[in-house]
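In this chain, numbering begins with 1 at the start of the sequence shown.
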Amino acid sequence: MIRIRNIGIIAHIDAGKTTVSERFLYYSGKEYRMGEVHDGSAHMDWLVEEQERGITITSAATTFEWLDTMVNLIDTPGHVDFTAEVERSLRVLDGAVGVFCGVAGVQAQSETVWRQANYYQVPRIALINKLDRVGADYYRVVNVIAEELNCRLLPINIPVGIESDFRGVVDLITMRQLTFDEESLGADVLDSDIDDDMKETAELWRGDLIDKIADHDEEVMEKVIEGAEVSEELLRQAIRRGTLDQFWVPVLGGSALGNKGIQPLLDAVIHYLPSPSDVETIVGRDPKSGKPVQVKCGADAPFCGLLFKIQIDPHGELLYMRIYSGSIEKGKTAMNPRTGKRERINSMYRMHANSREAMQVAVAGDIIAMNGPRYSGTGDTFCDAKNQVLLEEPVFPETVISMAIEPRSSSDREKLQEVLDRIAREDPTFHIEVNRETGQFVMSGMGELHLEVIRNRLERDFKVNANIGKPRVAYRQMVAREGSSSVRIERQLGGKDHFGEVRITLSPMPPEDSSASMVEWEEGPPAIAPEWRKAVEDAVHSCLTGGGDLGFPFIRVQARIQLPPVTPETTEMGLTVAARDAFEGAHKKAGDLLLEPLMAFEVTTPEEYFGAVHQDLVRRRAQIEKVDLVQDLRKIAGRVPMAEVFGYTTSLRSLSQGRASVSLEPIGFAEAPEEVAERFRY
């Protein structure tokens, strides 16, 4: 049976993720030339937008072999606007490589992706990259990662030389020095004795490594107590056990752009990260009862897989699936328990960025792309019809920014609607709705760059003729207190008599409960026709998304519905109208609060500009939570309303003569000051 590793590369933007991926492909023989991000030749950044900007926008999958193991690799974006790509990738991966800058250490998005990996309980190894840069310090960054990300680090190699003198690493498992031949672009690795000036340091770190392992592993502890030599194989087994238990994170050093330290990282991926067979079962739930179900993993179990990504282009769409158990053949059908439909898989592919290799059969552990399914979306489960189960879906954040778009002519409207719907199907953090007053489409996303990329795709890839507005903040609202209203409807609508009576109670939910809203029945579902019940629920949902007095959708609101006994005169339309009127009455009694999206920020600025940058942040209503001095740079962290940081990057460059940088990440919503709310009241 072929060995498999399903891994992702996660990091802050510009930490070197794609450069590491390109070295993986080159050294494994998958590619004959080494792609580079800075000149737009990276194989994994295949979108035109990625090549122009020099950043990863969409997660790209590839497969290569190393140490007789097939590695399925997903290279994820580092920019916060595309965090959904990281979220859905980590949901289906068995392990991850976290890449950190050897100068900057832990950056804003480093924390975000690490937190996502914690949520999905993904074992990790870490690479401290860019050790050939001025100011790089492997040992300092090891301490910073351990402190700021609250994890145990286990350095398994240490650098030889610093900054421009960085030339290799000492492997603390084998106690050998590895240097990387420049003429072969690092492909030839020289294995030698440790330099004399490194021996003492290497012995100290080797001793620390064995002590840490012995504290956690009984087999190694026995060897240490006996005074016996701990073998390489025993050390690797112990490190692997601790990594799979997520007790520690093995750490290595290197320079991807300098072609140093990548082969030891690849070895570590095989030695220490889990294979699909290391997970015996996963937890799903029964589609009918909702109760937890244990799903046995492995090739001999019933088929089960999770659809985690949809990729569209002008010619069609590809659906990406991780297979957890059983197998599936090209041309066969699988059940989607959410929709109750069977979906035919017309073709299957093993992906290499945007190129495809056809497959006839896919088995447990495979990550594949496919054509065929029409009614399934991101987060859906495909399974055997006789063994139906729903797997956990990826969780995506709320959108925080919106932009109006309208067709240039009535004939373009249908095409625009179709394209926007396709993009929304692909991207779970992109939402589209129609403004009832203006008739404009309103696009919502995760940030200015997110919507700018979508706008460019509309114009360049899909040739859409549309007028596109400027980005604006996606505010939300919630009720201030509990309010109830009971409405009885007796009227003629469309020439027919309609009757209905509904009571609605609205109450605020705590922020920690959810960012969404809940609609439920006060005393359980009433004894009426299911279509009537759904009509009432749909009316309430429509009111929650319709905007209320402030004009924005509601979040953190619990809407409880109560119906008195229905009479022969009761109609579906009467109940629907009564529900809408009751919602409005309850809303007026409950009052409303405007919620504005908040951004976590981290500004890094030279000391001489600290005063001006700090003063500007305070003016923008920023709550400054931490100020650190790292070498000669100030790091300012906190939270700030999104409305105050539109175009902030340009302002920051002006304040610091282009030497300061900022990272921004959406972190939820908070109550806006009354003077802000007053701008939106009718």
Atom [atom1] of [X] and atom [atom2] of [Y]: how far apart are they, to the nearest 0.5 Å?
X      : Y      : atom1 : atom2 : result
Thr381 : Leu390 : OG1   : CG    : 5.0 Å
Glu671 : Leu594 : CD    : CG    : 8.5 Å
Ile555 : Leu595 : CD1   : CG    : 5.0 Å
Leu90  : Thr76  : CG    : OG1   : 7.0 Å
Asn336 : Arg374 : CG    : CZ    : 14.0 Å
Leu506 : Asp592 : CG    : CG    : 11.0 Å

Identify, with sequence neighbours excluded, every residue that meets salt bridge (charged side-chain N to carboxylate O under 4.0 Å, His left out) alongside Asp616. Arg619, Arg620
All salt bridge (charged side-chain N to carboxylate O under 4.0 Å, His left out) counterparts of Asp497, not counting sequence neighbours: none
For the pair [X] and [Y], find out whether any cationic side-chain nitrogen is under 4.0 Å from an anionic carboxylate oxygen.
X      : Y      : answer
Arg488 : Glu490 : yes
Arg560 : Glu520 : no
Glu665 : Arg115 : yes
Arg422 : Glu317 : no
Lys309 : Glu426 : no
Glu584 : Lys589 : no
Arg408 : Asp412 : no

Might you confirm whether atom [atom1] of [X] has over 12 heavy atoms from other residues, nucleotides or ligands at distances under 6.0 Å?
X      : atom1 : answer
Asn150 : CG    : no
Gln657 : CD    : no
Arg413 : CZ    : yes
Glu459 : CD    : yes
Glu675 : CD    : yes
Gln615 : CD    : no

Is it the case that the side chains of [Y] and [X] hold a donor-acceptor pair, with the cut-off being a distance below 3.5 Å and no angle test?
X      : Y      : answer
Ser654 : Ser651 : no
His431 : Thr399 : no
Gln417 : Asp421 : yes
Tyr119 : Glu87  : no
Thr83  : Gln116 : yes
Ser444 : Ser402 : no

ring-ring contact (aromatic ring centres under 6.0 Å, His included) partners for Phe610, two or more places apart: His614
Output all residues satisfying ring-ring contact (aromatic ring centres under 6.0 Å, His included) with His450, sequence neighbours left out; order by chain, then residue number. Phe82
Do side-chain atoms of [X] reach the backbone of [Y] as a donor and acceptor pair under 3.5 angstrom?
X      : Y      : result
Gln558 : Ser517 : no
Ser656 : Leu652 : yes
Arg481 : Pro508 : no
Thr339 : Lys341 : yes
Thr571 : His498 : no
Lys635 : Gln107 : no
Arg124 : Ala96  : no
Asp427 : Ala424 : no

Contacts of Ala637 meeting side chain to side chain contact (heavy atoms under 4.5 Å, CB included) (sequence neighbours excluded), chain-then-number -> Lys626
For [X] versus [Y], what's the shortest heavy-atom pair and its separation?
X      : Y      : result
Ser89  : Glu85  : OG-O, 2.7 Å
Ser485 : Ala582 : CB-O, 3.4 Å
Gly469 : Met403 : O-CG, 3.2 Å
Glu406 : Leu416 : C-CD2, 4.1 Å
Leu307 : Gly377 : CD2-O, 3.2 Å
Ala539 : Ala579 : CB-CB, 4.1 Å

Are His12 and Phe100, when compared by the centres of their aromatic rings, separated by less than 6.0 Å? no
Are Phe669 and Phe552, when compared by the centres of their aromatic rings, separated by less than 6.0 Å? no
Begin from the C-alpha positions of Phe396 and Phe430 and carry the test ring-ring contact (aromatic ring centres under 6.0 Å, His included) through to its verdict. CA-CA 10 Å; Phe396 301 108; Phe430 173 75; over 10 Å; no
Hey, mind stepping through Val283 and Glu392 against side chain to side chain contact (heavy atoms under 4.5 Å, CB included) and telling me if it holds? CA-CA 8 Å; Val283 178; Glu392 179 190 3; over 6 Å; no
Do Met642 and Ile401 make a side-chain contact, defined as non-hydrogen atoms from C-beta onward lying under 4.5 Å apart? yes
Can you give each donor-acceptor pair under 3.5 Å made by side-chain atoms of residues 285-292, sequence neighbours left out, with the distance rounded to 0.1 Å?
| from | atom 1 | to | atom 2 | distance (Å) |
| --- | --- | --- | --- | --- |
| Asp286 | OD1 | Lys288 | N | 2.8 |
| Asp286 | OD1 | Ser289 | N | 3.0 |
| Ser289 | OG | Lys291 | N | 3.3 |

